[in-house]
Amino acid sequence: MMELTRRRLLGAVGAGVAASALSAVPAKAATRIRHYWWGNPERDKRTFAVIETFQKANAGIEVSGETIGWGDYWTKMATQTAGRNMADLVQMDYRYLFEYVRRGALKPLDEYVGKSLMIKDFDQGPIAGGMVDGKLYALNIGSNSQVIVHNTRVFKEAGVDVDLINWTWDDFAKACEQITAKSGGKVKGSDDLSLMIEAFESWVRQNGREFYGADGKVAATVDDVASYWQMWADLRKKDVVRSKDKTVILDPPIAESGVAVGDTAMSHYWSNQLVGIQAVAKDKIGAAMVPHKKGGKPGQFIKPSMFMSLSRDTKDPESAIKYMNAWVTDPAITKILGLERGIPASKAVRDALAPGLNETEKLSVAYFDAIQSKVGALPLPAPKGAGEVRDAFMRIGTSVVLDRAKVKDAAEQFIADASDIVERAQ
Amino acid sequence: MRRFIARNAPAYAFLTPWLLGFFLLALGPILASLYLSFTRYDMVNAPRWVGLANYEYMFTRDRRFWKALNVTFTYVALAVPARLIMALGVAMLLDKGLRTIGLYRAIFYLPSLLGASIAIAILWRQLFAADGVVNAVLGYFGIQGAAWITNPDTSLYTLVVLAMWQFGSPMLIFLAGLRGIPKDLYEAAEIDGTPKWRQFTRITLPLLAPVIFFNLVLQTIEAFKTFSSAFIISNGTGAPADSLLFYTVYLFNEAFKFFRMGYASALAWVLLIIIAIFTAISFLTSKYWVHYENERD
């Protein structure tokens, strides 16, 4: 090792200063934009690769990326918004879009469309999902839908042979029984979805209602909740779903889901998570729709999984839009992104990606094609307080799962609490 | 006056960083939170004055506030004595038997250093999970363990056990206190044939009273502020069925999950007042059971 003398040290520092001064010359002319997203290691890796690619092609623009997990993202975002220090471009979720627009935290994109933001070949649905009060506030960077992830090996061994796109809750229950019986109870049919409000939302829509009505109030009824929890109580009684101990752990990581661990043959997820689950599951996974009700309405929907929005605090909207545009049109960049954030809204991008897809990605594209005509309309964005309602659903559902409350009483309490929460949040 | 300045200037010079920190980083936010507790504030729009509405809601309509108080009081009532007894027991062992071995003290103190950390809370969750280590050990003895953490009836007790395990800092203070008790008292008692238990109740406890009092006040305040272990073990929700809804967890969720900064500030002030009341009670009752060396006549 080189001996460190004062002269060498000074020399090294001097060289460092010179080097940073050199790189500072072009940087001085450059504009700097900040991009903030919630992520996971895989997504972060891809996004930083995108930033690098973009900077190479646009020497004048320096992009600084910031990432954090979903759990802390909205906390930090709210803090930054309060401090008037939002990143130029923020990743936005459908659930929060209206809230941020109504608080005046986002800028509309309409004036850039067709000039610097080229989204002519986008599907109409994904564009409409980013509109609030007739203005476009959020650019779709991937679409998503609910999916019942299942273990194909276990399905085959148990001889479950049903149409997984058009199946009903009766088929689902039968499959659970078949799987549990065939494995001697070692593999249960499904994760217990009692506490999963996302699955319950499909259930309410199958009953012909939205969870939240057009006035933003809770429109789901006590009967909706009670019948849903009763169905799972029956499955628990038959001992064909995952044990209570596992069920009451809220929001466990993907790696602990029944399908990943091998406890169960089915779990409920969003379609862009297929890639992540396959990465941790031992067996090959497949994608099924959320079961239907006999003669019921479609419950599932296709939603924009993630948006990119321009913040109120941006100083250089032109550069920001340039970056945004590259995300959905530049082939080198869309290739890096793949399907990790969901299915791209641009047909041109999808076609370009098609030949290079791996097996799981092909599965999610095939699944998307299969459900197109089976899904319902996108529900209106949830009102303020929806996150808290989700917590209440899990909390009250827990006492049902643990047999500490009667299904009917708990359902009444949930509807009452949910209405209170929404009212208080306005 | 000049003499006062000359005499104290160095002290204030050394205090300056702390004073700056206090006025800029503590006092400002404290006053801000008092103001915010009378407002509705979502961190995006400007705070809106609502008078006492937050406090009114808290005491009259918020069921979860009472639930959180209930959980926290139960925890304080169980965890503080448990931890102090554990700490005193270990301190006495170390004082008697292992007095030469400093390493043991370090080892015994370790859980407290680790205890507050996220890693231990995660470890704890694994230990007490339905298929965790605790149940595996119980299984050796033919006992069918419960799902400790995910059962609302037992989840709080796993945290009490965790609190017991983090006995290190009161233990060190007890150890110092035990060292301060003159050994000739025990020798005299020994000669008189006083049994060990009586030596403990008649010599150790009374002479240790000021230390016990100090530890009691400190640990009670600590226990009221318990946050990270409950937050981690319940995934930040206070689940299952709100059995781990510690006051601070509830406060955190109101503030940073649901953006009700005003309401959370009100909650924080109520907690401050509760802790102040408890500390005051400790001090007021202390004169009946705490006696100091220099007070002895």
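Numbered from 1 within each chain, the chains take letters A, B, ... in sequence-line order. Predicted, not measured: the structure shown is a model, and the values here were computed from it.
- Atom CD of A/E423 has 12 or fewer heavy atoms from other residues, nucleotides or ligands within 6.0 Å.
- In this structure a side-chain-to-backbone donor-acceptor pair under 3.5 Å is present from A/T75 to B/F256.
- Surrounding CZ of A/R312 are more than 12 heavy atoms belonging to other residues, nucleotides or ligands, all under 6.0 Å away.
- For B/F259 against A/W74, the heavy-atom pair with the smallest separation is CZ-O, 3.4 Å.
- In this structure the side chain of A/D417 reaches within 4.5 angstrom of the side chain of B/R63, judged on heavy atoms.
- Neither the backbone nor the side chain of A/K244 comes within contact range of chain B; no heavy atoms are under 4.5 Å apart.
- To the nearest 0.5 angstrom, B/R61 atom CZ is 6.0 Å from A/D420 atom CG.
- Contacts of B/F252 with chain A are absent, with no heavy-atom separation under 4.5 Å from either backbone or side chain.
- The pair A/R404-B/D153 meets the salt-bridge criterion, with a side-chain N (NZ, NE, NH1 or NH2) lying under 4.0 Å from an Asp/Glu carboxylate O.
- Looking at A/D245, both its backbone and its side chain come within 4.5 Å of chain B, counting heavy atoms on both sides.
- Geometrically, A/R424 does not engage B/F258 in a cation-pi contact, judged by NZ or CZ lying under 6.0 Å from the ring centre and within 45° of the ring axis.
- Looking at A/S243, there are no atoms closer than 4.5 Å to chain B (heavy atoms on both sides), in backbone or side chain.
- To the nearest 0.5 angstrom, B/D242 atom CG is 9.0 Å from A/T398 atom OG1.
- Ranked by heavy-atom pairs shorter than 4.5 Å toward chain B, the options A/I249, A/L250, A/T81 are led by A/L250.
- Using a 4.5 Å cut-off between heavy atoms, B/N253 does not touch chain A at all.
- Counting only heavy atoms from C-beta outward, the side chains of B/K257 and A/E388 never approach each other to under 4.5 Å.
- Note on B/M261, B/R64, B/R40: by heavy-atom pairs under 4.5 Å with chain A, the leading option is B/R64.
- Annotation for A/F98: atom CZ counts as buried by contact number, over 12 foreign heavy atoms lying within 6.0 Å.
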